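Quantities reported herein were computed from a predicted structural model and do not represent experimental measurements.
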Amino acid sequence: MGFWLMKSEPDVFSVDDLQRQRTTSWEGVRNYQARNFMRDGMKRGDRAFLYHSSCAEPAVAGIMEICREAYPDPTQFDRRSKYYDAGSQPDQPRWLMVDVKFVRRLRRPVTLAELRADKRLASLPLLRRGNRLSLMPVSPAEWEAILALE
DNA sequence: GCCAACGTTGGC
DNA sequence: GCCAACGTTGGC
């Protein structure tokens with residue numbers, strides 16, 4: 001089983017929203033490296049942390065499960081969507097998404113500051129300076145280390 | 001293929 | 001709102 005971390009701005013989509021909806025399509029990934037992780041790495045049953053970014057207290061907030069593997073993101077073909085991509089051809093979609101389902105909230109949010117303070121997480125891409133990946137793999141050891149902080 | 005300009009991300 | 005860092009674009 002693989003482990004991941006996926007960023008979301010809570011103003012747009014938060015752990016509260018996921019808990020309410022139970023499941024959601026992870027639309028709007030428009031970065032090739034992140035897309036490749038979804039396409040080549042994410043498998044049904046994998047677990048992912050939901051991380052709140054661009055907010056007052058950036059933190060890992062919840063746990064999700066990948067419930068559908070990568071498939072074309074329809075928003076790339078929707079002219080009214082902010083994720084519309086005129087360069088993507090319907091017979092050769094450029095962007096993919098996965099579906100995720102709510103597993104549980106963390107007992108309390110584990111903040112970015114707490115993650116930074118933990119030596120075991122030193123190589124987590126999230127903590128690297130200037131990192132802009134919206135979705136990244138987490139090693140089993142890192143997964144456990146983060147859970148130990150909640 | 002290089003690289004400057006531009007747009008976006010995301011912590012603070 | 002600021003700004004550093006990075007990815008993308010497009011002229012050459």
Between [X] ([atom1]) and [N] ([atom2]), how many Å, whole number?
X        : N      : atom1 : atom2 : value
A:Arg94  : C:dT9  : CZ    : C1'   : 12 Å
A:Asn36  : C:dG7  : CG    : P     : 13 Å
A:Leu127 : B:dC12 : CG    : P     : 11 Å
A:Arg35  : C:dT8  : CZ    : C1'   : 14 Å
A:Tyr32  : C:dT8  : OH    : C1'   : 9 Å
A:Leu133 : B:dT9  : CG    : P     : 13 Å
A:Arg128 : B:dG11 : CZ    : P     : 15 Å
A:Glu9   : B:dG11 : CD    : P     : 9 Å

Think A:Arg68 forms a cation-pi with A:Tyr71, using NZ or CZ under 6.0 Å from the six-ring centre and within 45 degrees of its axis? yes
Looking at A:Thr24, is its backbone amide N or carbonyl O close enough to the side chain of A:Lys101 to form a donor-acceptor pair, meaning the two atoms are under 3.5 Å apart?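 The answer is no, because no donor-acceptor pair under 3.5 Å joins these two groups.
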Quick check against the 3.5 Å criterion: does A:Gln92 have a side-chain atom that pairs as donor or acceptor with the backbone of A:Gln89?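 Between the backbone of A:Gln89 and the side chain of A:Gln92 there is no qualifying donor-acceptor contact (under 3.5 Å).
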What are the two closest heavy atoms between A:Val60 and A:Leu115, and how far apart are they? CG2-CD1, 4.0 Å
Does the plane of the ring in A:Trp95 sit parallel, tilted or perpendicular to the ring in A:Tyr32? Use 30° and 60° as the thresholds. tilted
Does A:Lys7 put a side-chain nitrogen or oxygen below 4.0 Å from OP1 or OP2 of B:dG10? yes
Are OP1 or OP2 of B:dT9 and a side-chain N or O of A:Tyr51 less than 4.0 angstrom apart?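 Answer no for this pair, as no side-chain N or O of A:Tyr51 is under 4.0 Å from OP1 or OP2.
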Output one line per pair: protein atom, nucleotide atom from nucleotides 3-5 of chain B, and distance, for all N/O pairs under 3.5 Å.
none

Worked verdict on A:Asp17 versus A:Ser14 for side chain to side chain donor-acceptor pair (under 3.5 Å): CA-CA 5 Å; A:Asp17 298 316; A:Ser14 71; 3.2 Å; yes
